[in-house]
Amino acid sequence: MSTSSTGAAANLTPGDPPPAGKVQGRLAHWLTDGAEQAGKHPGPGATKPEKTHSWWRVMCLTGVDYFSTLGYQPAIAALAAGLLSPIATIVLVLVTLCGALPVYRRVARESHRGEGSIAMLEKLLPWWGGKLVVLVLLGFAATDFMITITLSAADASAHAIENPFAPQWFEGQQVPITLILIVGLAVVFLRGFKEAINVAVVVVAVFLVLNAVVVAVAIGHVFENTHVIDDWWGALTTQHGNPLVMVGIALIAFPKLALGLSGFETGVAVMPQIKGAPGDTPANPVARIRGAKRLLTTAAVIMSTFLITSSLTTTLLIPQEAFEAGGPANGRALAYLAHEYLGEGFGTVYDISTIAILWFAGASALAGLLNLVPRYLPRYGMAPHWAGLVRPLVIVFLVIAIIITLVFDANVDAQAGAYATGVLVLITSASVAVTLSARRKKQRAATIGFTIVTVVFLYTTVANIIERPDGVRIAALFIIGIIAVSIISRVQRSFQLRATSITLDAAALDWVLTDADEYDTIRIIAHEPDATDSPDEYRQKIKEERRDSGIPQRSPVIFLEVHLADSSNFEEDLLVTGEAIDGFRVLKVSSANVPNTIATVLLEIRDLTGVVPDVYFEWTEGSPISNMFRYLITGAGEVAPVTREVLRRAERDRRHRPEVHVS
């Protein structure tokens, strides 16, 4: 530092702490600088990935979430269905292959930009109703992803504690270990999440190979000791009677096994990561869609095979009491078999692999959150500016994950209900979306089939909610929080410019350039359009404005009309077209709101011509308060003063700010 430096920093000695302002400045710089934008974060749903990959490699990124459920799914199935676990798992597999898979294959075809089934419903349900549905679904999606983080970390800590080589002090420390894993996950994202797919491929490949070895060895033990099959079937028939009763009970228990359905929504979210072909177009990326369908089908078949074989072998070879809370197989059934039949060394390797994939499942979920939240809320004007940055969002999600872990005491079984609720609501909404899509396209057979699937998932969701309402409670907190933040943000951002781009067609551009060159002035009259576009209306309007606002008789004017579109939209691309109506020059633009659009057009005209335009309004009739509410909801209302306020905030220098005249 030179001797000429001034200010507090120049007087610091090496031992002095930096001033508070400088610390705050460094913190703000760290939060906002050097971090990827959340909407471009590599991982599920990345908008424009730097590098695309083969579908099977992307499947591994989905698989760290989907396949990791093998770490706890068999134990949860045994705890939920008891001796009926294999039958209930078969029901789960049938629903997966005949229900969820066809639904998401269609989602992949119709929502191929990584926005998932939520985007389909957004398009099918426009205006504010559609936005509200999206906000509610985002609440359930947040529940799904957040519980994935906390439940996976909790199960990873359980595997670490149960390992025979684990330090003695691990015992009873599941909450601290879980919190350490979650904090470690957040640190990775705070530093930057790179090469996710390369890591995922290794983690998934090792995990699946080890599981295949455990299941194969377990099946071998079953064939060597066939009496376990007779013992199981005898106990089953004694407990439940005839096979029809067993199937009925398995159907009732099925909702508790819904954890095995996770991963489908993430599967369509990662579609932008899949390598396409030269012939692909943004509107119809055929190769990318084909790769996504292969991803979904392959993952579903692999997972279904493991679910059936693992459920059968764990039920036959592990005593039922071992699955109870505190038992050695609770939350870790396959790990129990690995230690039991392959030795402590192999069992430890299996534990390490399970811990790695469960921990990385949290990474996949967190990446999904970092892409999901910025994808929707900023477009609606329903998120603060910092919601587009990775580090602030990671800190928010970290705090939420810590709270959830403490509330549930890092218990896997206690969080299963909330996880299943989030998964099932998303799958049910996807089923509704594809059903509505098939109906709109008049595909009768598809409509009937998807309706049946929707009913099945609707039953499963309702049954799960009744049985385990924790998921709805957590989702309700997320939904309330999202809606509250959305309303506050929408109001706070209501006076900012909203257009992401603006284009003037040839006629519109010619008019403004002509007025600027020949008259050195541009006068714009804001006109409320109607269905007639009668020349008499323009004639009457210009007569009144010349009289009331003092516009010279020979001074040329241009009318500006904003035709209201979906007022629930926030960010939009504007196209201004010029249309001559009986000698009157009229600029027309379609937009979700009037004042902000007028302000944007005026500033664009100023920038294109170098002339600061004047705009002329009539006072709006009615109460200012009611007109303000109309503006917030419909995009119209108190146009003149709101336009001036938008201009004032967008351009602080009055010399360069378009003048607003009201008469």
Side-chain angles (χ1 to χ4, degrees), residues 36-67 100-124 192-205 208 263-302 363-364 367-368 370-372 374-376 379 388 430 433-434 437-438 440-441 443 446 500-501 503 571-573 575:
E36 302 109 327
Q37 290 290 320
K40 300 178 181 178
H41 205 270
T47 308
K48 294 180 180 178
E50 295 179 1
K51 180 182 178 182
T52 54
H53 307 266
S54 302
W55 66 266
W56 63 268
R57 289 172 60 84
V58 181
M59 183 188 72
C60 293
L61 182 62
T62 307
V64 292
D65 177 15
Y66 192 25
F67 298 140
L101 180 58
V103 165
Y104 277 95
R105 282 173 63 91
R106 180 154 184 146
V107 172
R109 188 173 77 237
E110 298 193 16
S111 181
H112 47 74
R113 294 183 177 87
E115 297 172 331
S117 59
I118 296 178
M120 291 181 65
L121 285 174
E122 181 189 23
K123 295 174 183 176
L124 292 169
F193 189 59
K194 298 293 186 182
E195 302 299 333
I197 291 181
N198 292 335
V199 176
V201 169
V202 175
V203 171
V204 168
L208 290 182
F264 281 100
E265 191 71 30
T266 310
V268 291
V270 299
M271 282 189 65
Q273 299 280 352
I274 299 173
K275 185 180 296 183
D280 282 2
T281 63
N284 187 27
V286 177
R288 179 164 293 165
I289 293 172
R290 185 168 57 246
K293 290 181 177 180
R294 289 175 179 172
L295 180 157
L296 294 167
T297 302
T298 305
V301 170
I302 292 174
S364 175
L370 292 173
N371 284 281
L372 191 65
R375 189 181 294 279
Y376 289 98
R379 277 200 297 118
V434 298
S437 173
R440 176 171 291 185
K441 295 178 180 179
Q443 299 169 335
T500 51
S501 69
T503 304
E571 295 180 351
E572 54 191 347
D573 298 314
L575 173 62

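In terms of the ring pair (Phe, Tyr, Trp, His ring centres under 6.0 Å) criterion, residue partners of Tyr104 (sequence neighbours excluded) are, by chain and number, Phe264. For the side chain to side chain contact (heavy atoms under 4.5 Å, CB included) test, residues two or more places apart in sequence or in another chain that qualify with Ser501 are Asp573. By the side chain to side chain contact (heavy atoms under 4.5 Å, CB included) test, Thr298 is found to be paired with Trp55, Met59, Ile302, residues two or more places apart in sequence or in another chain being considered. When the side chain to side chain contact (heavy atoms under 4.5 Å, CB included) test is applied to Ala292, the partners found at least two apart in sequence or on another chain are Ala108, Met271, Ile274.
Between Ser54 and Lys275, the shortest heavy-atom contact is N-CB, 4.4 Å. The shortest heavy-atom contact between Ala446 and Arg106 is CB-NH1, 4.1 Å. Pairing each heavy atom of Asp280 with each of Ala287, the nearest pair is OD1-N, 3.0 Å.
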Quiz item: So Ser437 and Glu110, side-chain hydrogen bond (donor to acceptor under 3.5 Å, both in side chains) or not? Walk me through it.
Solution: CA-CA 9 Å; Ser437 173; Glu110 298 193 16; 2.6 Å; yes
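Pairs engaging residues 272-297 under the ring pair (Phe, Tyr, Trp, His ring centres under 6.0 Å) rule: none recorded [sequence neighbours left out]. Residue pairs that meet the side chain to side chain donor-acceptor pair (under 3.5 Å) test with at least one member in residues 284-297, sequence neighbours left out, are Arg105-Thr297.
Checking side-chain atoms of Ser111 against main-chain N and O of Ser117 turns up no donor-acceptor pair under 3.5 Å.
Taking 4.5 Å as the limit, every side-chain heavy atom of Leu61 sits out of range of all side-chain heavy atoms of Val204. Side-chain contact check for Phe67 versus Thr62: every heavy-atom pair is 4.5 Å or farther apart.
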